[in-house]
Structures are given as structure tokens and as C-alpha cells.
Amino acid sequence: MQIVSYPHPALRWKSKPIKRIDADLKQLIRSMFDLMYVTNGIGLAANQLALPHRFFIMNATGSAAESAAELVFLNPEIVRRKGSAESEEGCLSLPGLYGQVRRAERVVINAFDLEGQEFELELNDLEARVVQHENDHLDGVLFFDRMTETARRELEPRLADFEVQFRRQQASGAIPSDEDLQRALQSLEPDSVPTA
Ligand code: ZN
């Protein structure tokens, strides 16, 4: 399991709802937490593993020892947003890139946990920011899409570097073509019909 980098097409994919909670999903989520900790992340969305599924995980402490702070959000929906705050964000799919993003200061999020129980959480500050960032991933939205035009323009040379790097890996065959990656995403969607 590997975190994909920008501009992998999975990062622009609109994820499909989870229909079944099974042992495979639980195992996958356990592995995602482990991967998130070794990469020093505090949130990780399924898209970032090239999976077209509507869920993300979070541990705002970033510490594996604080497992009580682990949260899994299956089929999440942000039902309320309040206030506004600007702060710096980064993303495991754009390592080393940071920028100021304005987001709601407080959110209410509705989701299902791994037991299939629906829950609603009111979150503030960092946790509110993380769930907005991760929820955006599920819609194929990246944090720099939310930045001001001026701030984004400053990041553009770095984004171009990511692009060059990615295309180079595709040219060398280390990463499949966009078409093949998109086909792979489609085949992982629930109810996907295999095509010849
Ligand atoms: Zn991210």
C-alpha cells in the first residue's frame, strides 16, 4: 500500500459510497492508520491510496500511542459549517508543499463507523480543518484548490515539479498511464461491470 502523489488521477476522483463493512475493509483501515503514522500524517483519505471509496481516517494527535483518538468516517457528510479561520495545510499526496487555506472553524460531520453505527460529531479548530481537507479528497478536491488565487500562484512552480516528476515516472513505465489508472479506479467501484 502506497500513498499516491499529485497529479495521480485518483486525487481528482469522486469517490463512491461504501456499501459493505467487512473484514477486508477493517484490515485496510488498520493498515492505513499504520501508514499514516509512519508518514507523520493526521488524516488520510481512501483516494490517496488510489481507492475510489468514500471514507477517510483521522488521528489529530498524529501519535500511534493515542489510539483512542483514532476516528474512521465512512460515507461522511459535513452537515454544518460555522465561522471561518485561515491556517497552514499540507497533504501526504503533495509532500513538502504547504499553504494557507481558509475553512470553516467549526463543523458538524455525520458518518458511519466500522460497526455500521451512524454518528454525528461537532469538531473545532484542527480537527474541523482535517475533516474538511479529507472530505474534500473524497470529492477530488485538493487543498490548493481552496487557496486564494495569489497564494496558489506562488505554489504553481512546485505543482509543476510534481507534474513533471509524475509524467517522467509514467514515461519510464514505473507508473501506469492516466487511462490505465482511471480504468483501475473504475474497476474498484462498487457495482462496476467488468469490461472486455
Ligand atoms: Zn490531503
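For ligands, and for the atoms within them, numbers begin at 1 and follow the listed sequence. These numbers were taken from a predicted model, which means no experiment stands behind them.
Ion pairing between a basic and an acidic side chain is recognised when a charged N comes within 4.0 Å of a carboxylate O; Glu156 and Arg153 show no such pairing. Checked for salt-bridge contact, Arg54 and Glu77 miss the test: no charged N lies under 4.0 Å from a carboxylate O.
Note on the Zn ion (ligand 1): protein N, O or S atoms under 2.8 Å away count 3, no waters included.
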Just do the salt bridge (Lys or Arg N to Asp or Glu O under 4.0 Å) check on Arg12 and Asp178 with the steps written out, would you? CA-CA 11 Å; Arg12 291 305 193 186; Asp178 276 8; over 6 Å; no
Taking it one step at a time, do Arg146 and Gln132 satisfy side chain to side chain contact (heavy atoms under 4.5 Å, CB included)? CA-CA 11 Å; Arg146 301 271 186 211; Gln132 289 174 89; over 6 Å; no
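Annotation: side chain to side chain donor-acceptor pair (under 3.5 Å) contacts of Lys82 (sequence neighbours excluded): none.
Ring orientation note: the planes of Phe144 and Tyr6 are nearly perpendicular, at an angle over 60° on the 30°/60° scale.
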